[in-house]
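First comes the structure, then the notes that go with it.
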Amino acid sequence: MGVMTAQPPLALIPADAVEIGAAAALVEDADGGRVYVHGMLSFAWAAGDTATRRFAAVQLMRIKVATQVQIAAAFGTAPLTIWRWEQALADDGVAGLTPQRMGPRRASKLTSEVIATIADLRGQGLSLRGIGDRVGVSEASVRRALPDTNTNTNTNTEEECRATTSEPSVEEVEVEYCRATTFDARPEPGAGGAGEVGRELPVLADPAPRRVERALAAFGLISAAPPVFTPCARAPLAGLLLAVPALAATGLLDCAHNVYGGLPNGFYSLDTMLCESVFRALLGHSRAEGATRIDPVALGRILGLDRAPEVKTIRRKIGYLAEAGKAGDWIAAMARHHADTRPEQTGVLYVDGHVRAYQGTRTIAKTHVPRLKFPAPATVETWVSDAAGDPLLVVMAQPAASLASELRRLIPDLRAAVGDDRRVLVGFDRGGWSPALFADLDAAGFDTLTWRKGAVTDIAADTFAEHTHTDEHGRSHRWELADTRVSLDIADGPRAGERFPMRQMRCPHFLGQ
């Protein structure tokens, strides 16, 4: 019987190679570099051939041999740099991967005479852009020449500007990004001055490029991209900006920050997502899928971004807020803000239930939907409006809950929203009829206004008297009213067996104007 000798397997990669994930390896020495994929030599370059080395890194990312982070670690650079190489290869081919000479390529225009002229024009109140147009240099050059905008006015020497092939780190990119966004977003002193007269605006300007911010956001290196608005003569959907003052008055954004704090690091901020939702609803698309029917670039221009978020992004951001479980706190905070800014309107509240047809995938109980005229899966919401009819508070009702039980549940929230101990008139329809509820509302400092439910005894004719009221428009109204007192029996709850007195107004008919 023969015996088979054990032979060790052949090594797929050299011993001194740097592994790139589980399938590739990199070897670099004085002769150049080589990349092995599954033990096969796939890429090779000579020493100093930077373009081919970058091409190999990009190809490894494109064929998904390893993750972008693993490739960057093996090649000794940042993940953002690999992404920049991929963009350069896509735009300009392999030539885009060739290192470019850094620094100025011609003599600086900022001579001593030009700097003196810039300082003199700045003293006259001209804007940076206007000064640049006068002296024939860029706005950035004007900023460098002025000591009040940049303390370093010395031009670079030839030694400082010699060519370099080193790639910027992530931290350097972040600094460059912060400078760029500060330059774009900061208002200029004297804007609209003499230097701006007669300046032509593009009819429809392209949004400011946000490639750097999107790359940083992909790695979670920024909390959000700030809005940058580009001037133009025409902007589709610009009418949505008319809603901004009303949006600010509701306290929607401030209350959201107080309750949630913010969203995880990414490109779109909490303010952007909330404004996008409001603008989309004003355009008639309240659901997230409605974003597919709106021009993303046009809506993004109104938001100060290059494009509006996609449906998947909207759903993901909403998911973050839903996971926090603070929707009730957010609504309560907005109710307190509403009551603080309009205390005169919270003296009268009206509570009512609204049925909303359910279109989701969960199994819920059926409820009679008045709009459809038959029972269907639906949710019931309890709305609280102020004296002007503006919404103050809205909560999701419990399944099969009556208006009376919802009112009892809302008593602490209503008192917290009013914010003081004054008595408030609460009106609702006969769905909330419950003498026990009336007693609980009275104990909490609320007066009740509702319609009588059930059979009642007749009232003597001599108890009716004519009453007149003149409204704010000068119109006079006349009624025959019977102002009486009634005592209602409390049949349930801890006060069962007690009686609750109320004022009752009876009106047999309306006499007109």
Side-chain angles (χ1 to χ4, degrees), residues 250-252 255-256 258-259 324-356 365 367 378-454 485-505:
T250 63
L252 177 72
C255 293
N258 293 335
V259 174
K326 298 181 179 180
D329 298 336
W330 186 17
I331 294 176
M334 292 185 61
R336 289 192 296 270
H337 177 274
H338 183 94
D340 293 340
T341 55
R342 305 170 183 84
E344 70 284 352
Q345 294 184 8
T346 55
V348 177
L349 303 178
Y350 184 77
V351 184
D352 196 10
H354 294 271
V355 179
R356 185 188 301 272
T367 305
T379 58
V380 180
E381 300 170 349
T382 303
W383 285 72
V384 181
S385 304
D386 62 10
D390 296 328
L392 175 68
L393 192 67
V394 58
V395 296
M396 187 72 68
Q398 299 295 327
S402 64
L403 182 59
S405 62
E406 285 298 297
L407 276 166
R408 182 174 286 105
R409 185 170 67 95
L410 283 175
I411 288 177
D413 296 330
L414 295 178
R415 177 50 61 190
V418 173
D420 51 38
D421 297 331
R422 58 178 168 161
R423 297 195 67 84
V424 177
L425 180 63
V426 180
F428 46 90
D429 60 22
R430 287 178 290 184
W433 177 270
S434 171
L437 172 64
F438 303 157
D440 292 340
L441 288 171
D442 179 72
F446 295 99
D447 297 322
T448 300
L449 175 63
T450 186
W451 286 261
R452 188 69 184 262
K453 184 178 182 180
R485 298 279 178 174
V486 296
S487 185
L488 305 177
D489 294 329
I490 301 177
D492 56 353
R495 301 187 182 188
E498 298 181 10
R499 299 179 66 85
F500 182 72
M502 296 187 70
R503 182 184 182 187
Q504 177 179 265
M505 305 290 294

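Owing to the predicted nature of the structure, the values given are computational and were not obtained by experimental measurement.
- Pairs of residues two or more places apart, or lying in two chains, that qualify as salt bridge (charged side-chain N to carboxylate O under 4.0 Å, His left out) and include a residue from residues 435-448 are Arg408-Asp440, Arg423-Asp442, Arg423-Asp447.
- The structure places CG of Asp340 at 9.0 Å from OG1 of Thr346, a figure rounded to the nearest 0.5 Å.
- Residue Arg430 places its CZ atom among 12 or fewer non-hydrogen atoms of other residues, nucleotides or ligands, all under 6.0 Å distant.
- Scored by the salt bridge (charged side-chain N to carboxylate O under 4.0 Å, His left out) test, Arg485 finds no partners at all (sequence neighbours excluded).
- The two residues Ala444 and Arg415 come nearest to each other via the heavy atoms O-NH2, 3.1 Å.
- Residues forming a salt bridge (charged side-chain N to carboxylate O under 4.0 Å, His left out) with Arg409 (at least two apart in sequence, or on another chain): Glu406.
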* Stepwise side chain to side chain contact (heavy atoms under 4.5 Å, CB included) test for Met505 and Arg503 -> CA-CA 7 Å; Met505 305 290 294; Arg503 182 184 182 187; 3.8 Å; yes

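- When all heavy atoms of Leu393 and Ala335 are compared, the closest pair comes out as CD1-CB, 3.9 Å.
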Pair up each side-chain donor or acceptor in residues 489-500 with any protein partner under 3.5 Å, not counting sequence neighbours, and list the distances.
residue : atom : partner : partner atom : Å
Asp489  : OD1  : Arg499  : NH1          : 2.1
Asp489  : OD2  : Arg499  : NH1          : 3.4
Arg499  : NE   : Ser487  : OG           : 3.0
Arg499  : NH2  : Ser487  : O            : 2.8

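- Leu425 CG to Leu349 CG: the interatomic distance, rounded to the nearest 0.5 Å, is 8.0 Å.
- Among residue pairs with one or both ends in residues 326-353, those qualifying as ring-ring contact (aromatic ring centres under 6.0 Å, His included) are Tyr260-Trp330; sequence neighbours excluded.
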* To do: Assess whether side chain to side chain contact (heavy atoms under 4.5 Å, CB included) is satisfied between Trp383 and Asp352, documenting all intermediate values.
  => CA-CA 5 Å; Trp383 285 72; Asp352 196 10; 5.6 Å; no

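- For the pair Leu437 and Gly432, the tightest heavy-atom approach, listed with the atom from each and the gap, is CD2-O, 3.4 Å.
- Heavy-atom minimum distance, Gly347 versus Val424: O-CG1, 3.4 Å.
- One distance of note links OG1 of Thr379 with CE of Met396; it measures 4.5 Å at 0.5 Å rounding.
- Atoms CG and CZ, on Leu488 and Arg452 in that order, are 5.5 Å from each other to the nearest 0.5 Å.
- Scored by the ring-ring contact (aromatic ring centres under 6.0 Å, His included) test, Phe438 finds Trp433 as partners (sequence neighbours excluded).
- Residues Ala378 and Val355 come closest through the heavy atom pair CB-CG1, 3.7 Å.
- Rounded to the nearest 0.5 angstrom, Asn258 CG and Met334 CE are separated by 12.0 Å.
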* To do: Could you walk me through whether Leu403 and Asp429 pass the side chain to side chain contact (heavy atoms under 4.5 Å, CB included) test, one step at a time?
  => CA-CA 9 Å; Leu403 182 59; Asp429 60 22; 3.2 Å; yes

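- In this structure, CG in Leu414 is found 5.0 Å from CZ in Phe446, a value given to the nearest 0.5 Å.
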